[in-house]
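No hydrogens, no waters, no symmetry mates; every other heavy atom, side chains included, goes into these values. What you are looking at is a predicted structure, and each value in this text was computed from that prediction instead of being measured.
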Amino acid sequence: MRLLRKIKYIIAAGAAGGVLASYLAVSAAEVALEEKYREDPALFGHQNSRSKWDFNWDRQEPHTLVKPSKSGSVDSEKVEKVKPTATRNLILIRHGQYNLKGTKDEERYLTALGIEQADYTGKRLKELAMPYTSIVQSSMCRARETANVISGHLPNVPLHTCDLLQEGAPFPPEPPVGHWKPEMCQFYRDGARIEAAFRKYFHRAEASQKEDSYEVLVCHANVIRYFVCRALQLPPEAWLRMSLHNASITWIAIRPSGRVVLRALGDCGHLPPAKLTTT
């Protein structure tokens, strides 16, 4: 521990007298306090950085959905009735390369390469032949164009639009970067919206869902990276430590138990090397 090393250093350096005695007395108390914190950080209002998985992260843990009796007990039969049995699979697609010179959303359309990238991703999803239940697109131009290309390969899958999935600044990143510094008001505004999107789409299946579902969300890199951190219960400020290629596939499975599995992060193996971009 740092305090003990500091004490040993002072002793080795030849410190003596009342100053050392006072320092040792204070340090001993600090050491005891630190040990107390390590044993039970909740006493200090903090959660252990290595805390266990929160199974009620989506507030859908079965026993919390059943109203307890007057005695405080919960009917186990009622709990069984609300337990999900299916897995929800969320397929997150980043849009293709777009016109970076555009200043308005409608000017940030896909480039010719971006259209190609989206086409490769559409073909890949078709080849995977999952029983897709829906495609949800961000309402921004580049995401809508990407989703339309993908939808052409999955013509029988319903296509919906969601404003919550728009690009933005989800959370102040740590460590910060010098080339991208949104105002704090932008994090405040965008963060609430993107968090709302997370809560809308990330949760375990309803008990009435009998088969596994596969939902495609076509959106943006910042949104997807934030979703990954939140879904895995990682610090949300870590989202900018990941990089995603255009038209890449990120796959998250939400088990009936509430466990979350990241099955793929930014998978771009379906794109030829010459077609890979990150902007």
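- With rounding to the nearest 0.5 Å, the separation of CD1 in Ile194 from CG in Leu165 is 9.0 Å.
- Rounding to the nearest 0.5 Å gives a distance of 10.0 Å between CG of Leu92 and CD of Glu215.
- Between the side chains of Glu183 and Tyr188, no donor-acceptor pair is found at a separation under 3.5 Å.
- Residues Glu80 and Ser76 bring no donor and acceptor atom of their side chains to less than 3.5 Å of each other.
- Nearest approach of Ile224 to Thr250, heavy atoms of both residues: CG2-OG1, 3.9 Å.
- At least one donor-acceptor pair closer than 3.5 Å links the side chain of Asp212 to the backbone N or O of Thr87.
- Under the ring-ring contact (aromatic ring centres under 6.0 Å, His included) criterion, the residue pairs touching residues 83-132 are His95-Tyr98, His95-His220, with sequence neighbours excluded.
- For Pro62 against Val82, the heavy-atom pair with the smallest separation is O-CG2, 3.7 Å.
- By the criterion of side-chain heavy atoms lying less than 4.5 angstrom apart, applied directly or through intervening Ile, Leu, Val, Met, Phe, Trp or Tyr residues, Val136 is not grouped with Leu128; the two fall into different hydrophobic clusters.
- Taking the six-membered ring where tryptophan is involved, the planes of Phe55 and Trp53 are perpendicular, since the angle between them exceeds 60° and thus also 30°.
- Side-chain N or O atoms of Asn148 include one that pairs as donor or acceptor with a backbone N or O of Arg144 at under 3.5 Å.
- Here the straight-line distance linking atom SG of Cys268 with atom CZ of Arg124 works out to 11.5 Å at 0.5 Å rounding.
- Listed for the Glu61 side chain is no donor-acceptor partner under 3.5 Å among the backbone atoms of His63.
- Under the 3.5 Å distance criterion, with hydrogens and angles disregarded, a donor-acceptor pair is assigned to the side chains of Thr161 and Gln137.
- Under a 3.5 Å cut-off, the side chain of Thr121 and the backbone N or O of Ala247 do form a donor-acceptor pair.
- Pro170 and Gly168 make their closest contact through CD-O, 3.2 Å (heavy atoms, listed as atom of the first residue, atom of the second, distance).
- Other residues, nucleotides and ligands place no more than 12 heavy atoms under 6.0 Å from the CZ atom of Arg259.
- Taking both residues in full, the closest heavy atoms of Ser151 and Ile135 are given as CA-CD1, 4.1 Å, listed atom of the first, atom of the second, then distance.
- Annotation: Glu211, atom CD; neighbour count of heavy atoms from other residues, nucleotides and ligands within 6.0 Å does not exceed 12.
- The only member of Val218, Asn222, Asn246, Thr146 that meets side-chain contact (heavy atoms from CB on, under 4.5 Å) when paired with Arg94 is Asn246.
- Between the side chain of Thr133 and the main chain of Tyr214, a donor-acceptor pair closer than 3.5 Å is present.
- Pro172 is not listed as a side-chain neighbour of Glu237, based on a closest heavy-atom distance of 4.5 Å or more.
- Ion pairing between Arg199 and Glu195 holds under the 4.0 Å rule for side-chain N and carboxylate O.
- When side chains are defined from C-beta on, Val260 does not count as touching Arg255, because their heavy atoms never get closer than 4.5 Å.
- Salt-bridge check for Lys101 with Glu107: failed, with every basic side-chain N at 4.0 Å or more from each acidic carboxylate O.
- Expressed to the nearest 0.5 Å, how far CG of Asn56 lies from CG of Asp58 amounts to 6.5 Å.
- In this model, no donor atom of one side chain and acceptor atom of the other lie less than 3.5 Å apart for Ser134 and His160.
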(request) Let me see the working for Gln166 and Asp105 under side-chain contact (heavy atoms from CB on, under 4.5 Å), right down to the final yes or no. (result) CA-CA 11 Å; Gln166 288 186 7; Asp105 180 56; over 6 Å; no
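- When all heavy atoms are compared, the tightest approach of Ile252 to Ala231 is CD1-CB, 4.1 Å.
- Pro173 pairs by the side-chain contact (heavy atoms from CB on, under 4.5 Å) definition with Trp180, Phe187, Trp239, Leu240, not counting sequence neighbours.
- In this structure, Phe198 is a member of the same hydrophobic cluster as Leu90, with clusters built from ILVMFWY side-chain heavy atoms closer than 4.5 Å.
- Following chains of ILVMFWY side-chain contacts shorter than 4.5 Å, one can reach Leu234 starting from Phe202, so the two form part of one hydrophobic cluster.
- Tracing side-chain contacts under 4.5 Å through hydrophobic residues (I, L, V, M, F, W, Y), one reaches Leu159 starting from Val157; they form part of the same cluster.
- Side chain of Arg225 to main chain of Ala221: a donor-acceptor pair is present (N/O by atom type, distance under 3.5 Å, no hydrogens or angles).
- In this structure, the side chains of Leu125 and Ile91 come closer than 4.5 Å at one or more pairs of heavy atoms.
- The shortest non-hydrogen separation linking Cys229 to Pro236 is CB-CA, 4.2 Å.
- For the residue pair Ser138 and Glu167, no side-chain donor N or O sits within less than 3.5 Å of a side-chain acceptor on the partner.
- In terms of modelled atom types and a separation under 3.5 Å, the side chain of Asp267 and the main chain of Ile249 share no donor-acceptor contact.
- Remark: Met140 CE to Glu106 CD distance equals 10.0 Å, nearest 0.5 Å.
- Both Leu154 and Trp251 are assigned to one and the same hydrophobic cluster, defined by single-linkage of ILVMFWY side chains at heavy-atom distances under 4.5 Å.
- Once rounded to the nearest 0.5 Å, the distance linking SG of Cys219 with CD1 of Ile93 reads 9.0 Å.
- Checked by atom type and distance alone, the side chain of Arg88 pairs as donor or acceptor with a backbone atom of His203 at under 3.5 Å.
- With Asn89 contributing its side chain and Ser213 its backbone, the two residues share a donor-acceptor pair below 3.5 Å.
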(message) Before you tell me yes or no, could you show the steps for Met242 and Val228 under side-chain contact (heavy atoms from CB on, under 4.5 Å), namely the whole-Å CA-CA distance, both residues' side-chain angles and the distance that decides it to 0.1 Å?
(response) CA-CA 10 Å; Met242 294 175 262; Val228 170; 4.2 Å; yes
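- When each of Gln97, Glu116, His245, Gln117 is checked for a side-chain hydrogen bond (donor to acceptor under 3.5 Å, both in side chains) with Lys275, only Glu116 meets the rule.
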(request) Would you please test Asp190 and Arg193 for salt bridge (charged side-chain N to carboxylate O under 4.0 Å, His left out) and show each step? (result) CA-CA 5 Å; Asp190 294 350; Arg193 172 178 53 78; 3.7 Å; yes
(message) Could you go through Arg241 and Glu174, starting from their C-alpha distance and side-chain angles, then the distance that decides it, and tell me whether this counts as salt bridge (charged side-chain N to carboxylate O under 4.0 Å, His left out)?
(response) CA-CA 8 Å; Arg241 303 174 198 174; Glu174 185 62 41; over 6 Å; no
